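Below: one structure, written as structure tokens.
All of these numbers come straight from a predicted model, not from anything done at the bench. Whatever order the structure lists ligands and atoms in, that order sets their numbers, starting from 1. Positions are given from 1, in the same order as the sequence printed here.
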Amino acid sequence: MRIRVPATTANLGPGFDSCGLALTLYLTLDVMEEQAEWHIEHGLGAEIPADATNIIIQTALQLAPDIKPRRLVMESAIPPARGLGSSSAAVVAGIELAVALGGLSLTKEEKVEIAAEIEGHPDNVAPAILGNLAIGAKLEGEDFYVRHLFPNCSILAFIPKTELLTSESRAVLPQEIPFKEAVRASSIANVMIGALLQNDMVLAGKMIEKDRWHEKYRARLVPHLLEIRKIARENGAYATCLSGAGPTVLVFAPSDKTNKLKERLQTIDPDAAILELEVEGSGSEIFD
Ligand code: HSE
């Protein structure tokens, strides 16, 4: 049995902690034979637990404590600590593992609620489970989600070699934002969503770049963001934004601009990986 969970990008600029998009880069988990103890082969080094304390297994056991230990083989093309939803993908894989082995019957919406409770915000877990664009509001005791198609465009992910922990990237954010500023920031997010729903990537792109919630505070941790944005604008892109808490930066562009953009972006940092991704439409899946 195989579990597959897509990478995700959170925020899309002004949709801070609320909007996310599933991308065609995957974590796969092969569920092998039963054995005496849980063991997960992941090839990610000694820092990531390979026993029952691994987050995937922990999550599964939290939901289905009676499932029998297995050998698991994980392969992930989602680079860790880069703002592409690697930890959310692990949590979602754990939920799917509990579903697969524990016979739980959970709707996609229930899975999103459980995952958002574990992660604290829904912007990565919702698209990881639902696919496509997901917009969520996680409130006290009540969650609301909308899933929608994303406008057709190319997506380039500029992935630096260095990691950036979400905790570090959240630590630079203000505790409070003045009321007027919050109203402005939320109006930008509202127009962005409206434009995305109307398939208007030009307007959505403008709004994505006008975020007032988080990117300006994080700019010093991700100095390449503004450089990429400048090059992307010069080369006809719709928008550039930080992917989640960074350090990955996403560029949305018309597809005929992609090759030139890729070349130009690589000159910023020859060591960065530049991946051309697409919107992932299925969300997490279990294959027999
Ligand atoms: N919305 C989150 C952030 C995503 O920007 O901090 C990372 O968990």
(message) How long is the straight-line distance from NZ of Lys262 back to CD1 of Ile274, given to the nearest 0.5 Å?
(response) 8.0 Å
(request) Determine, using heavy atoms of Arg218 and all atoms of ligand 1, whether some pair is separated by less than 4.0 Å. (result) yes
(message) Return the CG to CZ distance between Leu139 and Phe144, rounded to the nearest 0.5 Å.
(response) 6.0 Å
(request) Give yes if a backbone or side-chain nitrogen or oxygen of Asn11 is under 3.5 Å from a nitrogen or oxygen of ligand 1, and no if not. (result) yes
(request) Could you grab the distance from atom CG of Leu196 to atom CE of Met201, nearest 0.5 Å is fine? (result) 6.0 Å
(request) Taking side chain to side chain donor-acceptor pair (under 3.5 Å) as the test, write out the residues that go with Glu119, two or more places apart. (result) Ser88
(request) Report the C-alpha separation of Glu113 and Lys108 in whole Å, then their side-chain angles, then the decisive distance to 0.1 Å, and conclude whether the salt bridge (Lys or Arg N to Asp or Glu O under 4.0 Å) test is met. (result) CA-CA 9 Å; Glu113 280 179 28; Lys108 286 231 173 210; over 6 Å; no
(message) Taking 4.0 angstrom as the limit and counting only heavy atoms of Gly244, give me the atoms of ligand 1 inside it, by number and element.
(response) 5 (O)
(request) Identify the protein heavy atom lying closest to atom 4 (C) of ligand 1, giving its residue, its atom name and the separation to 0.1 Å. (result) Asp123 OD2, 3.7 Å
(request) Give the residue, atom name and distance (to 0.1 Å) of the protein heavy atom nearest atom 6 (O) of ligand 1. (result) Arg170 NH1, 2.6 Å
(message) Under 4.0 Å from a heavy atom of Thr166: which atoms of ligand 1 are those, numbered in the order shown and with their elements?
(response) 7 (C), 8 (O)
(request) Return the residue, atom name and 0.1 Å-rounded distance of the protein heavy atom closest to atom 8 (O) of ligand 1. (result) His121 CE1, 3.0 Å
(message) As an exercise, identify every atom of ligand 1 less than 4.0 angstrom from a heavy atom of Asp17.
(response) 1 (N), 2 (C), 3 (C)
(message) Tell me which pairs pass side chain to side chain donor-acceptor pair (under 3.5 Å) where either residue lies in residues 184-199, with sequence neighbours left out.
(response) Glu181-Arg184
